[in-house]
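The next block holds one structure in the form of structure tokens; read it before the comments.
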Amino acid sequence: MAKDLDKQYDPKNVEDRIYKFWLDGNFFHAKCDPEKDPYTIVIPPPNITGQLHMGHALDNTLQDILIRWRRMQGFDTLWLPGTDHASIATEAKIVEAMRKEGITKEDLGREGFLKRAWEWKEKFGGRIIEQLKKMGSSCDWERERFTLDEGCSKAVKEVFVNLYNKGLIYRGERIVNWCPHCLTSISDAEVEYEDQAGHFWHLRYPFKDGSGYLELATTRPETMLGDTAVAVHPDDERYKDIVGKTLILPITHREIPVIADTYVEMDFGTGCVKITPAHDPNDFEVGLRHNLPVIDTFTDDAHIRPEWGKYAGMDRYEARKAIVEDLEKEGAIVKIEDYSHNVGVCYRCHSSIEPKVSKQWFVKMEPLAKPAIECVKDGRVKFVPERFDKTYFHWMENIKDWCISRQLWWGHRIPAWYCDECGEIVVSKDTPDTCPKCGCKHLTQDPDTLDTWFSSALWPFSTLGWPEKTPELQHYFPTSTLVTGYDIIFFWVARMIFSACENMNDIPFSTVFIHGIVRDAQGRKMSKSLGNGIDPLIVIDQYGADALRFTLATGNSPGNDMRFSDEKVGASRNFANKLWNAARFILMNLGEDEKAPHIPEDLALEDKWILSLFNKLSKEVTDNLEKFELGIAVSKLYDFIWDVFCDWYIEISKIRLNSDDEKAKQTARDMLVYIMSNTLKLLHPFMPFITEEIWQTLPHDGESIMISKWPEYDEKHDFSVEEQEMDRIMEAVRAIRNRRAEMNVPPSRKAKYYIATSYKDTFEKAGIFMQRLASCSEAEVGDSFELEDAVCIVTTDAKIYIPMGDLVDFEAEIARLNKEKEKVLKDLEFVEKKLNNANFVAKAPAAVVEGQKEAAQKYRDKIAMIDESLAKLNK
RNA sequence: GAGGGCGUAGCUCAGUUGGUAGAGUACUUGCUUGACGUGCAAGGUGUCACGGGUUCGAGUCCCUUCGUCCUCACCA
């Protein structure tokens with residue numbers, strides 16, 4: 001930053017250079033210093049397939065604010081970065097690319113495919129990391145991890161084997177959510193539900209004995225091929241006598257029984273349900289209870305299996321049409337209604353989920369959920385805002401077993417082997433060479449991989465070296481804060497908590513700081529299909545990373561969604577520019593060899609005032625950050641910098657800077673540097689680039705603002721007397737400006753002010769301020785003045801007379817005074833009502849009552865002054 | 001069906017332990033004041049969704065209603 005700065009701040013000249021400076025200085029690196037208290041955040045690892053979007057931008061801004069602040073406070077901070085291998089998403093992407101080349105997975109084989117996947121990862125996996133750097137993220141890049149790297153893989157195997165040995169991981173044939181597009185099972189959490197318009201087909205199945213029909217309804221007639229029973233409620237009087245009878249399934253003409261099961265709701269429809277164990281989770285359960293056969297009619301990609309004659313090879317929707325037609329022909333359709341129902345879809349590709357019976361691996365959740373619930377209940381893990389613990393409890397308390405096997409190649413391969421001879425299952429961290437049961441050497445590893453979330457669940461400790469007892473694990477675990485969106489509490493947060501409880505016998509982090517999602521200016525979710533996504537990189541290019549970060553931090557309260565708009569970033573950019581120009585002003589007034597920031601001797605009134613306000617500010621901002629009120633903290637900084645420092649202090653400082661008093665000039669310069677430099681520190685976590693750039697240019701101590709000491713509250717800097725004095729003066733200045741504006745007197749028209757007050761000392765000092773700030777030519781202070789044809793401006797502590805007789809419209813002035821009096825009378829009435837209330841005086845705290853009494857007196861004084869002015873004008 | 005969020009100035013939102021409502025933006029007016037027009041000064045708009053309760057005092061705590069959004073569960 002040269003001393004002759006541009007009028008406008010240009011982030012493009014600054015950001016990349018500053019980021020490189022930080023990297024070169026190694027300031028992001030966590031030293032693992034046991035002497036210091038640790039503060040640790042592990043990044044929610046973005047998918048290697050991902051591109052930076054607003055969600056990342058928000059999440060990383062919040063993390064960087066916390067990390068930079070704690071670093072300046074002197075903690076040994078570690079922000080551990082990394083990426084997620086994102087099994088389904090990545091595999092789908094690579095398969096799609098291969099499809100365009102005309103190759104399939106099978107063509108390449110497992111090894112060839114994985115080689116290709118790793119190549120893809122090397123090429124594109126780092127892209128999002130580079131984008132995070134553009135945001136200014138101060139991650140310890142030397143410790144970057146990947147969920148599929150060697151260490152994480154080791155942790156995954158360790159956990160899998162441990163859980164298996166404890167009986168908490170098992171393999172079983174269950175009905176799972178199957179995505180016919182991704183060709184893999186997915187967990188319950190990965191199924192989304194959407195309302196879809198459909199139909200309700202009312203069918204009738206004939207009794208074998210010819211005694212009529214049973215009527216039932218279905219939304220999926222194509223599954224009827226696999227029906228193995230019809231169920232009624234055991235208490236249903238209507239069907240009491242038919243339980244146990246046999247029906248003839250239309251089309252197939254297979255015989256199926258009528259069974260009784262409490263799963264059926266008597267009041268819904270006809271009270272009869274067709275049972276298709278292979279294609280519905282509830283039916284599957286019913287089937288287990290009644291020993292019903294499971295007839296799977298679909299292939300993995302949801303086409304009718306070859307053995308089904310004319311339907312073979314049809315996809316599920318074609319099959320539906322064909323089967324409905326045939327049912328119709330058989331007279332099995334009673335009626336068709338329109339019906340809207342919830343359909344489960346894959347959260348990755350949005351294909352309709354096909355429930356499917358298959359052999360999968362599961363984590364037994366109930367025993368794991370218990371301690372995970374406990375540690376939130378007893379406060380060891382806190383959600384911010386608190387209300388999200390309800391969401392968490394609800395989910396944890398109703399949790400079902402977690403299906404963790406995926407029919408994919410890109411991921412952690414399940415460390416289980418099956419003996420080709422005797423079928424023994426061997427679960428082991430290392431590849432076994434002989435079967436422990438039969439001793440043969442023919443073992444085949446399970447072809448499946450694990451759910452991506454299985455490895456990210458271990459992220460807070462796997463990245464610190466677990467299962468090894470590394471110094472990092474010792475020092476940084478449990479981590480401090482986890483920052484993430486409410487949309488991934490189930491996927492990730494909950495699973496990290498129970499994983500840490502189980503494997504570390506400890507919590508993974510003490511606070512979960514939850515944020516909402518970033519919506520577009522109209523409040524819609526940003527999405528690819530709507531095309532309303534705003535690219536953070538484009539915003540950075542147009543407005544700068546600091547402006548983007550400031551926008552995301554401002555007006556955002558924990559757990560709530562926010563809207564993003566160009567106007568907001570524009571306002572943030574303007575703020576950066578304001579700061580820039582304040583710095584520019586200070587710099588152009590500095591001498592050649594200014595000392596590092598310090599508080600000079602002989603402080604003037606305004607110096608003590610700004611020092612006092614800054615002191616309070618540093619306390620408040622720190623308090624807000626402690627409570628994760630980042631939005632409040634940043635708006636206080638905004639107000640202080642713009643409304644206090646720039647609009648008042650800098651303006652007032654010009655008095656001394658333009659004077660001939662060298663000593664006073666130096667004091668003003670020192671104070672400007674001191675306040676600016678320290679305010680930059682408070683702002684640094686929010687706007688790291690511009691604060692560093694300015695801080696470096698001003699006189700400074702130390703290498704970088706990001707490792708400078710966070711300002712702390714110091715009671716020696718409390719100057720409440722000077723604050724009051726300045727308040728009196730500022731009120732007077734504002735009142736004068738207001739009146740002059742009302743009377744349309746241009747600022748260039750200076751006038752002499754006569755100030756009648758009992759605070760003569762204060763207003764003696766104020767005279768010179770008024771010259772600068774309120775178009776005053778000369779000020780005279782006294783107890784009272786008797787002036788003809790003067791405008792009188794009444795403030796709480798002063799009456800200011802301005803002899804502008806012929807400029808003033810007397811009638812208007814009288815009207816204005818009357819209006820003002822009315823308002824003050826109303827205020828007085830309000831306060832007096834309280835004071836006349838015996839209850840208030842008796843029960844409210846003494847300080848509050850005293851405050852109200854003082855206010856009442858001030859109002860009375862003001863009314864007296866207005867009356868006096870009126871009397872003069874009316875004369 | 002269960003749980004939760006939100007409803008404050010035209011718009012977008014703050015409002016940190018209850019003490020006479022704030023910002024940004026938009027709008028009006030004045031300012032070519034040597035940091036900044038991405039600026040300065042001045043200005044107006046609110047029965048804080050509705051009704052009730054607790055309290056000396058409620059935007060803030062509790063309850064009802066209405067509107068709106070979300071999450072989870074789900075009836076075939």
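Note: hydrogens, waters and symmetry copies are ignored here, and every other heavy atom, side chains too, is used. So you know, we letter chains A, B, ... as the sequences are listed, proteins then strands, and number each from 1.
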(Q) Could you write out RNA chain B as dot-bracket? Rules: Watson-Crick or G-U wobble, both distances under 3.5 Å, brackets [ ] for crossings, | for pairs with another strand, dot for unpaired. (A) (((((((..((((.....[..)))).(((((.......))))).....(.(((..]....))).))))))))....
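A:W580 has no side-chain polar atom (N or O) that falls below the 4.0 Å cut-off from OP1 or OP2 of B:U38. Between A:R573 and the phosphate of B:U38, there is no side-chain N or O to OP1/OP2 separation shorter than 4.0 Å. A:T218 has no side-chain polar atom (N or O) that falls below the 4.0 Å cut-off from OP1 or OP2 of B:A76. Applying the 4.0 Å criterion to OP1 and OP2 of B:G43, one finds that A:N738 has a side-chain N or O inside that range.
The side chain of A:K390 lies closest to B:G3, out of B:A35, B:G3, B:A76. Each of B:G5, B:G39, B:U12 was ranked by its minimum atom distance to the side chain of A:N574; first place goes to B:G39. Distance from the side chain of A:V273 is smallest to B:A76 among B:A41, B:A76, B:A35. Of the candidate nucleotides B:G15, B:A76, B:C36, B:G15 has the atom lying nearest to any side-chain atom of A:I632. Nearest nucleotide to the A:V848 side chain, out of B:C13, B:G24, B:G19: B:G19. Checking B:C13, B:A76, B:U38 against the side-chain heavy atoms of A:N577 singles out B:U38 as nearest. Considering only the side chain of A:K568, B:U12 comes nearest among B:G43, B:U12, B:G19. Among the nucleotides B:C36, B:C56, B:C31, the one closest to any side-chain atom of A:N837 is B:C56. Minimum atom distance to the side chain of A:F200 is reached by B:A76, of the listed B:U20, B:A76, B:C36. Comparing B:U16, B:G3, B:G5 against the side chain of A:E629 picks out B:U16 as the nearest.
Ring pair A:F491/A:Y347: centre-to-centre distance below 6.0 Å. In summary, the aromatic rings of A:F513 and A:H515 are positioned with their centroids too far apart to meet the 6.0 Å limit. Proximity of the aromatic rings of A:F200 and A:Y339 is defined here by a centroid distance below 6.0 angstrom, and this criterion is met.
Under 3.5 Å, the side chain of A:K578 and the base of B:C36 form at least one donor-acceptor pair of N or O atoms. In the interface, the side chain of A:R563 is not paired with the base of B:U12 through any donor and acceptor atom under 3.5 Å apart.
A:K568 and A:T554 share no donor-acceptor pair across their side chains, judged by distance under 3.5 Å alone.
When the P atom is used for both B:U33 and B:G37, the distance is 10 Å, rounded to whole Å. Using C1' as the reference atom, B:A9 and B:U64 are 28 Å apart when rounded to the nearest Å. Between B:G43 and B:G4, the two P atoms lie 45 Å apart (nearest whole Å). B:G1 and B:G46 have their C1' atoms separated by 39 Å, given to the nearest Å. Taking atom P in both B:G39 and B:U25, one finds a spacing of 7 Å when rounded to whole Å. When the P atom is compared between B:A58 and B:G52, the two are found 13 Å apart, to the nearest whole Å. Across the P atoms, B:C6 and B:A49 are found 12 Å apart, a figure rounded to whole Å. B:G24 and B:C66 have their P atoms separated by 38 Å, with the value rounded to a whole Å.
Within the 4.0 angstrom heavy-atom criterion, no nucleotide atom of any strand lies near A:D639. Among the atoms of the strands shown, base atoms are found under 4.0 Å from some heavy atom of A:A582. At a threshold of 4.0 angstrom between heavy atoms, the contacts of A:Y339 are confined to the sugar-phosphate backbone, with no base atom among them. Nucleic acid contact class of A:R772 (heavy atoms, under 4.0 Å, all strands): none. Among the heavy atoms of the strands lying under 4.0 Å from A:K636 is at least one base atom, whether or not backbone atoms are also near. No engagement by A:E567 is indicated, since no non-hydrogen atom pair under 4.0 Å with the nucleic acid exists. The residue A:Y9 sits apart from the nucleic acid: no heavy atom pair falls under 4.0 Å. At a threshold of 4.0 angstrom between heavy atoms, the contacts of A:K843 include nucleobase atoms, whether or not backbone atoms are also involved. At the heavy-atom level, A:I650 lies under 4.0 Å from base atoms of the strands shown. Counting non-hydrogen atoms under 4.0 angstrom, A:E620 reaches nothing in the nucleic acid. Among the protein residues, A:R387 comes within range of the sugar-phosphate backbone only, with heavy atoms under 4.0 Å from sugar or phosphate atoms but none that close to a base. Across all strands shown, A:S557 has heavy atoms under 4.0 Å from sugar-phosphate atoms exclusively, and none from any base. The residue A:W648 sits apart from the nucleic acid: no heavy atom pair falls under 4.0 Å. Among the heavy atoms of the strands lying under 4.0 Å from A:N560 are primed sugar atoms or P, OP1, OP2 only; no base atom is included.
A:N658 has its side chain within reach of A:K654: a pair of non-hydrogen atoms, C-beta onward, lies under 4.5 Å apart.
Partner A:L203 forms a side chain to side chain contact (heavy atoms under 4.5 Å, CB included) with one of A:D227, A:T218, A:V230 and no other, that one being A:T218. Screening A:I333, A:I336, A:V324 for a side chain to side chain contact (heavy atoms under 4.5 Å, CB included) involving A:P221 leaves a single residue, A:V324.
What separates CG of A:N839 from C1' of B:U54 is a distance of 14 Å, to the nearest Å. A straight line from CG of A:D487 to P of B:C72 spans 10 Å, rounded to a whole angstrom. Taking atom CD on A:E192 and atom P on B:A73, their separation rounds to 11 Å, with Å as the unit. Atom CD1 in A:I489 sits roughly 11 Å away from atom C1' in B:G4 (whole-Å rounding). Across the protein-nucleic acid pair, A:L552 atom CG and B:U12 atom C1' stand 15 Å apart, rounded to whole Å. If you measure from atom CD of A:E386 to atom P of B:C61, you get 13 Å, rounded to the nearest angstrom. Atom CZ in A:R584 sits roughly 9 Å away from atom P in B:A35 (whole-Å rounding).
Comment: A:E215 does not engage A:K335 in a salt bridge, judged by the lack of any side-chain N to carboxylate O separation of less than 4.0 angstrom. A salt bridge links A:R238 and A:D236; the closest N-O separation between the charged side-chain nitrogens and carboxylate oxygens is under 4.0 Å. Salt bridge A:K627/A:D623: absent, no basic N to carboxylate O contact under 4.0 Å. Using a 4.0 Å cut-off between charged nitrogen and carboxylate oxygen, A:K382 and A:D389 do not count as a salt-bridge pair. In summary, A:E629 and A:K636 do not engage in a salt bridge, as defined by a charged side-chain N under 4.0 Å from a carboxylate O.
Summary of the strand contacts: A:C646 and A:G570 both lie near RNA chain B, and taking for each the nucleotide with the nearest heavy atom, the more 5' one is attributed to A:C646.
Centre separation under 5.5 Å together with a plane angle under 30° does not hold for the ring of A:W395 and the six-membered base ring of B:C72, so they are not marked as stacked.
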